[in-house]
Amino acid sequence: GHNLAFDIAYSIHSFVAPLPASWEEFRDMVIRQFPGGIFDTKLISQRMLKDKDPDVDTSLAPLYATLMEDHEGLVTHAEGYDMYRDIGAGEAAHDAGYDAFMTGAAFA
């Protein structure tokens with residue numbers, strides 16, 4: 001996900017149990033629920049890009065646009081799924097399907 005701390009907390013609270021009071025208990029709960037780990041493209045991009053450009057915007061739409069400048073065509077939509085195919089980077093930001101696509105593309 002991208003900047004997904006709230007999403008994780010909300011999902012755990014909604015589907016597992018009420019959130020614990022301490023950070024340590026929450027961290028342990030997350031580790032138990034996601035034993036394979038969590039990959040946050042916001043954190044990954046900050047760590048990778050901030051050294052090169054401290055002013056880089058790692059919000060999802062600008063991050064996607066930046067990455068696609070160098071890797072255009074790397075991630076494409078499957079045939080028959082044309083809803084987002086010909087729009088510019090970030091033009092459908094905050095649409096859940098498009099945000100998921102941009103997150104996946106950033107992770108790739």
Side-chain angles (χ1 to χ4, degrees):
H2 191 82
N3 208 19
L4 73 157
F6 178 79
D7 297 332
I8 291 170
Y10 184 78
S11 294
I12 287 175
H13 176 74
S14 297
F15 302 111
V16 178
L19 297 177
S22 76
W23 162 249
E24 290 78 14
E25 291 174 296
F26 175 71
R27 180 197 61 216
D28 292 344
M29 183 181 272
V30 170
I31 290 169
R32 282 192 307 276
Q33 294 303 313
F34 301 95
I38 295 172
F39 300 92
D40 187 329
T41 53
K42 175 81 171 183
L43 181 61
I44 293 168
S45 63
Q46 285 176 333
R47 298 248 170 104
M48 290 177 68
L49 301 174
K50 290 288 184 181
D51 290 340
K52 295 177 185 175
D53 180 1
D55 297 322
V56 68
D57 186 352
T58 57
S59 300
L60 186 54
L63 175 65
Y64 173 76
T66 298
L67 293 171
M68 291 305 104
E69 285 174 9
D70 295 334
H71 304 288
E72 188 173 343
L74 176 67
V75 179
T76 60
H77 298 280
E79 190 172 319
Y81 293 90
D82 299 326
M83 183 174 174
Y84 304 122
R85 188 179 305 268
D86 294 321
I87 62 174
E91 287 183 24
H94 304 294
D95 177 280
Y98 194 67
D99 281 2
F101 170 73
M102 289 191 296
T103 300
F107 191 74

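Note: hydrogens, waters and symmetry copies are ignored here, and every other heavy atom, side chains too, is used.
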Practice task
Report the distance from atom CG of D53 to atom OG1 of T58, rounding to the nearest 0.5 Å.
Solution key: 10.5 Å
Practice task
Report yes or no: do L60 and L4 belong to one cluster of Ile/Leu/Val/Met/Phe/Trp/Tyr joined by side chain heavy-atom distances under 4.5 Å?
Solution key: no
Handout entry: Check: S14 side chain, S11 main-chain N or O, donor-acceptor pair, under 3.5 Å
Key = no
Hey, can you pull the donor-acceptor pairs under 3.5 Å for the side chains in residues 23-39, sequence neighbours left out?
{"from": "E25", "atom 1": "OE1", "to": "S22", "atom 2": "N", "distance (Å)": "3.4"}
{"from": "E25", "atom 1": "OE1", "to": "S22", "atom 2": "OG", "distance (Å)": "3.0"}
{"from": "R32", "atom 1": "NH1", "to": "D28", "atom 2": "O", "distance (Å)": "3.4"}

Completion exercise
Closest non-hydrogen atoms of L19 and A9, given as atom of the first, atom of the second and distance, are CD2-O, 3.5 Å
Practice task
Compare every heavy atom of T41 with every heavy atom of L63, then report the nearest pair and how far apart it is.
Solution key: CD2-O, 4.2 Å
Exercise for the section: Would you kindly confirm whether V56 and L43 end up in one hydrophobic cluster when ILVMFWY residues are joined by side chain heavy atoms under 4.5 Å apart? Expected result: no
